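Below: the structure, in structure tokens.
Values reported hereafter were calculated over all heavy atoms of this structure, with side chains retained and with hydrogens, waters and symmetry mates removed. Everything numeric here is computed off the predicted structure, so don't read it as measured data. Note on naming: letters A, B, ... go to the chains in the order of the sequence lines (proteins, then strands), and numbering restarts at 1 for each one.
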Number of protein chains: 2
Amino acid sequence: MVRKSASGRIGIADVAVKAGVSHATVSRVMNGNFTVDPEIAARVRAAAVELKYQPNPVGRSLALGKTDTIGIVVPDLANPTFQAILRGLSRAAAQDGYRVLIADSFEVSSEETILAGEARRRCDGLVLCAPRMSDAELEEIAPSLRPLVLINRTTAAAGVPSLVVDYGQGVQDIAEHLVDLGHTRLAFLAGPPRSASNNLRLQGLEAFKTAHPQVEVTMLEGGSDFDTGHGAVDAVLESGATGILAFNDLVAMGLMSGLHERGLDVPGDISVTGFDDIPFAKYTTPTLTTAAVPITELGEQAWHQLRALIRNEESDAPGSRYQPKLEVRASTGPAKAARTAVHG
Amino acid sequence: MVRKSASGRIGIADVAVKAGVSHATVSRVMNGNFTVDPEIAARVRAAAVELKYQPNPVGRSLALGKTDTIGIVVPDLANPTFQAILRGLSRAAAQDGYRVLIADSFEVSSEETILAGEARRRCDGLVLCAPRMSDAELEEIAPSLRPLVLINRTTAAAGVPSLVVDYGQGVQDIAEHLVDLGHTRLAFLAGPPRSASNNLRLQGLEAFKTAHPQVEVTMLEGGSDFDTGHGAVDAVLESGATGILAFNDLVAMGLMSGLHERGLDVPGDISVTGFDDIPFAKYTTPTLTTAAVPITELGEQAWHQLRALIRNEESDAPGSRYQPKLEVRASTGPAKAARTAVHG
DNA sequence: CTTGCCTCAGAAAGCGTTTTCTCAGGCTTC
DNA sequence: GAAGCCTGAGAAAACGCTTTCTGAGGCAAG
């Protein structure tokens, strides 16, 4: 029985037989090695075309020690931020002939380490997106995951570049904007407690508070999706704040929807701000004031950093910091005369 | 020089040496083969742990002829529909220990064939999501891509299950809903011309028109994103229609935003409907009447079909048809007295 | 005419696993 | 006590490719 039918798929051996040459020569031709007689090369190519031969990437990977694939680990594929990063990463990597393997940890931080390790072994490099694991754990496993690029997280481990968005500055810009409009009572609708980007926002707000002691800033528990915003209406109203900084655009949209149901006007009664500037933010009613994060570009840059690591190039920048840009739209307006806390 | 330092990574050979056994025995232990003396097994396991040995998946894949990975090809990763399918697929596959490799064709139909082939060779199976290629091409390459599952597309090729959403029925349900509210002049804001799901909608509308000859239905060119809807305001107003069926929720949101800017009231002046019921649809202002598609579930089912194919099981269902469910919300209301065409 | 170099293709050795094949040693059974 | 089984571990082949090594043949130079 011929090898061919054994695997069911035609391999390099079949082409070699058909062209009357050795495996080695077929390999050389397929890889554009010019030390092959042009006539033989043509014969091999003809055989390959006729047999519709396509090299098996697994065999190739084993021989070359590389897979032309990179991995990305995200805490939640449903989150538009991670979707956008994935998109930018995938597009940029594709341009260099790399594919992307995805691993969704579903916010289970204990899974992250295992997922990351498994993904890394199948790939030539890894992007770890806002990992929820502890600093200690991250630092411990980082070396074994290299080449590794972090997004919205930093580590003390060496040779691991980080791409971080300056959420702290962004949230301060938003707060300043609200103060400029005359708001003196603000509220922050926080994100997931384990989220590093939420902590950065909190730090930014602390800085803001010391710079503006006259402004009252209420902290409210939250999350990262619509329901968080929608369910926070009562808490927001109770706080008596007239300017609300939502954790992100989704939360802001949920909140605006809830306020609308209560018959309140945005920004007439209350100003609402988001964060991220997802595409939807331009099309909400009213359009949403937010801080724009060039998130797709972040994914793209992640690939460039990772590529440099894989190629063992001098990483020109060992990481970067992105400044969000305030986008003033229609969901923020002048503060009404000071409101008093509303009950129920 | 020892093998160990040659590859930089520890392999099965290192464990074998450390435990004083052969490669074969290490492999047996790692794969839970019980024909190994418990004492030796323990020794091997201890060595593996001490060396932090993790089997190389590439070598494993080559030997086993499977990669425990599946591929998905989508026309546009930015599209929420495909994101949701990806999410459902990824989650379901992960539960069975499979990973997902993504390939984004960026709406370039000529790339699809190549991407699909490359992805397939790296994986154990493939999901082709609403491919834009021609029927002829699809039918030609389908056999070489098996195990293959199609989403929102069918083919005459054998052994290729399809999961399709009945967009035609969905669009009829929406149109009926608008007619029930008294609308007699409708307009359909179409999607991308090459999209199979758009064609299904058009067929549905033809069926609707023959059933309701008294209703006027205007066809408008379109696309699949916000800007399409936002930019279609003039055309919509010119049509004189009072009930607008947008291609999907994104287009509907863009349209509502544009109408709002023109000072028109939804649904007071014009009723607007979407399609898909993306999470945002519940939180627009007004909330969006749409046809809900269980899209994440679609991704999940795609995995189940693919799994059956991979395992060579009897595919219980050679494909399925999903019925969208009308979700009546606040963007549709009773028709005003017939409007006349508005210019400019 | 011979030596030596150079070109180019085949043989074979990896890459890191799994798995079949082989065989040594201990046990049962007559 | 010897013949045959059975258990369990090592040797080696296989997976499909790349690449080094080897060697045959052609050609130029002395």
Side-chain angles (χ1 to χ4, degrees), chain A residues 1-45 47-48 51 53-68 118 120-124, chain B residues 1-45 47-48 51-68 118 121-124:
Chain A
M1 185 177 285
V2 195
R3 177 71 39 78
K4 176 179 173 181
S5 46
S7 86
R9 223 180 165 81
I10 54 144
I12 205 171
D14 304 293
V15 180
V17 169
K18 176 131 202 157
V21 297
S22 71
H23 310 195
T25 300
V26 175
S27 174
R28 279 190 271 259
V29 171
M30 300 306 291
N31 291 297
N33 187 323
F34 288 110
T35 72
V36 177
D37 184 299
E39 197 218 331
I40 294 183
R43 210 166 69 221
V44 169
R45 261 188 283 272
L51 293 173
Y53 168 68
Q54 303 282 151
N56 176 327
V58 178
R60 211 153 183 279
S61 292
L62 188 59
L64 292 174
K66 69 199 201 78
T67 60
D68 290 344
E118 284 191 349
R120 174 63 186 82
R121 258 169 270 131
R122 292 189 138 74
C123 301
D124 299 342
Chain B
M1 185 176 284
V2 195
R3 177 70 41 78
K4 175 180 175 181
S5 45
S7 85
R9 226 183 161 77
I10 53 147
I12 207 171
D14 304 292
V15 179
V17 169
K18 177 130 200 155
V21 297
S22 70
H23 311 193
T25 301
V26 176
S27 174
R28 281 190 270 258
V29 172
M30 299 306 291
N31 292 295
N33 187 323
F34 288 109
T35 70
V36 177
D37 184 300
E39 197 217 329
I40 295 184
R43 211 165 69 220
V44 170
R45 260 186 284 274
L51 293 173
K52 290 196 184 22
Y53 167 69
Q54 303 283 152
N56 176 328
V58 179
R60 210 152 185 278
S61 293
L62 187 60
L64 292 174
K66 68 199 202 79
T67 61
D68 290 344
E118 284 190 350
R121 258 168 270 132
R122 292 187 137 73
C123 300
D124 299 344

What's the [atom1]-[atom2] distance between [X] and [N], to the nearest Å?
X	N	atom1	atom2	answer
B:Ile12	C:dT19	CD1	P	11 Å
B:Lys66	C:dT18	NZ	C1'	12 Å
B:Asp68	C:dT17	CG	P	15 Å
A:Arg60	D:dC17	CZ	P	10 Å
B:Phe34	D:dG8	CZ	P	12 Å
B:His23	D:dA9	NE2	P	16 Å
B:Leu62	D:dC17	CG	P	9 Å
A:Met30	D:dT19	CE	P	14 Å

Looking at [Y], is its backbone amide N or carbonyl O close enough to the side chain of [X] to form a donor-acceptor pair, meaning the two atoms are under 3.5 Å apart?
X	Y	result
A:Asn31	A:Arg28	no
A:Ser61	A:Lys66	yes
A:Arg9	A:Asn56	no

Inset, instruction - Classify the nucleic acid contact of A:Val58 as base, sugar-phosphate or nothing, counting any heavy atom under 4.0 Å across all strands shown. - result: nothing
Legend entry - Side-chain donor/acceptor of B:Arg9 to base of C:dG16, under 3.5 Å: no
Legend entry - C:dG10 base / A:Arg28 side chain donor-acceptor hit below 3.5 Å: yes
Any [X] side-chain N or O less than 4.0 Å from OP1/OP2 of [N]:
X	N	result
B:Tyr53	C:dT17	yes
B:Asn31	C:dT18	yes
A:Thr25	C:dG10	yes

Legend entry - Nearest-nucleotide comparison on DNA chain D, the residue closer to the 5′ end among B:Gly59 and B:Ala24: B:Ala24
Legend entry - First of B:Asp37 and B:Ala63 reached from the 5' end of DNA chain D, by closest nucleotide: B:Asp37
Legend entry - 5' priority, DNA chain C, between A:Thr35 and A:Leu64 [closest heavy atom]: A:Thr35
Legend entry - Minimum-distance nucleotide (side-chain atoms of B:Val21 versus D:dG10, C:dT19, D:dC17): D:dG10
Inset, instruction - Report the nucleotide, chosen from C:dG16, D:dC17, C:dG10, that has the shortest atom-to-atom distance to any side-chain atom of B:Asn56. - result: C:dG16
Inset, instruction - Could you grab the distance from atom OG1 of A:Thr25 to atom CG of A:Asn33, nearest 0.5 Å is fine? - result: 9.5 Å
Inset, instruction - Indicate the atoms forming the closest heavy-atom contact of B:Val15 with B:Val44, along with that distance. - result: CG1-O, 4.0 Å
